[in-house]
Amino acid sequence: MSIYELKPRFQALLRPLAGRLHAMGITANQVTVAACAVSAALGLWLFFAVPSRAAFALVPAWMFVRMAFNAIDGMLAREYGQQSKLGAFLNELTDVVSDAALYLPFALVQPFSPFWVGTVIMLAGLSEFAGALGPTVGASRRYDGPLGKSDRAFVFGALGLYVALGWPLPGWTAWLMPLVAALVAWTVANRVRRALAEAA
């Protein structure tokens, strides 16, 4: 079970908004690029400016809005004839950039290890790469879990909220990032294995 499986219900709630954006001349690619730009700006600001811990509350807030952006760009592309080859590249590449930027500030949070945060960022990129490669072997684009993009957004959003509330992170939470890394590695393996099974 993955949070991604709830996407159709989320899209249904956002469909009227997508229709209004289309009427205003907003394109799917514009929504995709805007979501990436905000994600990169927020993540890099948190990392380099090192604001107060309360600023981490922006992470869960933006994660939720970003999910809405991602759902809307998909609806604009599919339901309003805006699908394009450029859009396919943007959809995959901007997700990897956005995730990397939004996870990066957690390297500054104790007791998380910068090494393990970096490992999660690398594996998250590989998981999306593995999913996108499905069609090259005759399978569908794979979204298998246990820790796909939506699930990772929930994890890091929850951590951002916890940090923002100023609660201390006990020493054992140092193992959270290795655990997340292991689950993302499992996700990579699942996507490869199930894509091969589907193609066969």
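- With rounding to the nearest 0.5 angstrom, the OH atom of Tyr103 is 8.5 Å from the CD1 atom of Ile121.
- Connection of Val137 to Leu133 is not established within any shared hydrophobic cluster, with ILVMFWY side chains joined at heavy-atom distances below 4.5 Å, either directly or through further cluster members.
- Checked by atom type and distance alone, the side chain of Gln82 pairs as donor or acceptor with a backbone atom of Ala28 at under 3.5 Å.
- Legend: residues meeting side chain to side chain donor-acceptor pair (under 3.5 Å) with Glu92, ordered by chain and number and at least two apart, are Arg141.
- Contacts of Phe106 classified as ring-ring contact (aromatic ring centres under 6.0 Å, His included), with partners at least two apart in sequence or in another chain: Phe56, Phe156.
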Kindly determine whether Met177 and Leu159 satisfy side-chain contact (heavy atoms from CB on, under 4.5 Å), including the steps that lead there.
CA-CA 11 Å; Met177 288 301 161; Leu159 285 175; 3.9 Å; yes
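- In terms of heavy-atom proximity, Pro105 sits nearest to Gly43 at CG-O, 3.3 Å.
- In the hydrophobic clustering of this structure, Leu102 does not group with Leu93; members are Ile, Leu, Val, Met, Phe, Trp, Tyr whose side-chain heavy atoms approach within less than 4.5 Å, directly or through other members.
- Neither Val38 nor Val97 shares a network with the other; the hydrophobic side chains, linked directly or stepwise wherever heavy atoms of I, L, V, M, F, W or Y lie under 4.5 Å apart, form separate groups for each.
- Under the 4.5 Å side-chain criterion, counting only non-hydrogen atoms from C-beta, Ile72 is in contact with Leu76.
- Side-chain contact between Val117 and Met122: absent, with no pair of heavy atoms (C-beta onward) separated by less than 4.5 Å.
- Checked by atom type and distance alone, the side chain of Ser98 never pairs as donor or acceptor with a backbone atom of Asp95 at under 3.5 Å.
- Residues passing the side chain to side chain donor-acceptor pair (under 3.5 Å) test with Arg193 are Asn190, sequence neighbours excluded.
- Residues near Val96 contribute nothing to a hydrophobic cluster around it, because no ILVMFWY side-chain heavy atom sits closer than 4.5 Å to its side chain.
- For the residue pair Thr119 and Ala181, the shortest heavy atom distance occurs at CG2-CB, 4.1 Å.
- Without hydrogens or angle criteria, Gln30 side chain to Thr27 main chain gives a donor-acceptor distance under 3.5 Å.
- Pairs of residues two or more places apart, or lying in two chains, that qualify as salt bridge (charged side-chain N to carboxylate O under 4.0 Å, His left out) and include a residue from residues 99-126 are Arg66-Asp99, Asp99-Arg152.
- Taking the side chain as every heavy atom from C-beta outward, Trp186 and Leu183 approach each other to under 4.5 Å.
- In terms of heavy atoms, Gly157 sits closest to Pro60 at O-CB, 3.3 Å.
- Checking side-chain atoms of Ser140 against main-chain N and O of Arg142 turns up no donor-acceptor pair under 3.5 Å.
- Note on residues 11-32: pairs passing salt bridge (charged side-chain N to carboxylate O under 4.0 Å, His left out), not counting sequence neighbours, are Arg15-Glu79.
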Using residues 160-175 as the side-chain source, report each donor-acceptor pair under 3.5 Å to any protein atom, sequence neighbours left out, with the distance given to one decimal.
{"from": "Tyr162", "atom 1": "OH", "to": "Pro168", "atom 2": "O", "distance (Å)": "3.0"}
{"from": "Thr173", "atom 1": "OG1", "to": "Pro170", "atom 2": "O", "distance (Å)": "2.5"}

Can you list the steps and then say if Val59 with Leu46 is a side-chain contact (heavy atoms from CB on, under 4.5 Å)?
CA-CA 9 Å; Val59 175; Leu46 287 171; 3.6 Å; yes
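- With sequence neighbours excluded, no residue forms a side chain to side chain donor-acceptor pair (under 3.5 Å) with Trp116.
- Among all heavy-atom pairs drawn from Gly134 and Ala195, the shortest one is CA-CB, 4.3 Å.
- Between the OG atom of Ser127 and the CG atom of Asp151 there is a distance of 10.0 Å, given to the nearest 0.5 Å.
- In this view, Thr187 satisfies the side chain to side chain donor-acceptor pair (under 3.5 Å) rule with no residue, not counting sequence neighbours.
- Cluster membership check: Leu17 shares its hydrophobic cluster with Met24, using side-chain heavy-atom separations under 4.5 Å among Ile, Leu, Val, Met, Phe, Trp and Tyr.
- At least one side-chain heavy atom of Ser84 sits less than 4.5 Å from a side-chain heavy atom of Asn29.
- In this structure, Arg191 does not pair ionically with Asp144, as no charged nitrogen and carboxylate oxygen lie closer than 4.0 Å.
- Sorted by first then second residue, the salt bridge (charged side-chain N to carboxylate O under 4.0 Å, His left out) pairs that include residues 160-175, not counting sequence neighbours, number zero.
- Phe112 has its side chain within reach of Leu176: a pair of non-hydrogen atoms, C-beta onward, lies under 4.5 Å apart.
- Other members of the cluster containing Leu90 are Val33, Leu86, with ILVMFWY side chains joined at under 4.5 Å, either directly or via other members.
- More than 12 heavy atoms of other residues, nucleotides or ligands sit less than 6.0 Å from atom CH2 of Trp45.
- Within the structure, ring-ring contact (aromatic ring centres under 6.0 Å, His included) contacts touching residues 58-102 (residues at least two apart or in different chains) are Phe10-Phe64, His22-Tyr80, Trp62-Phe69.
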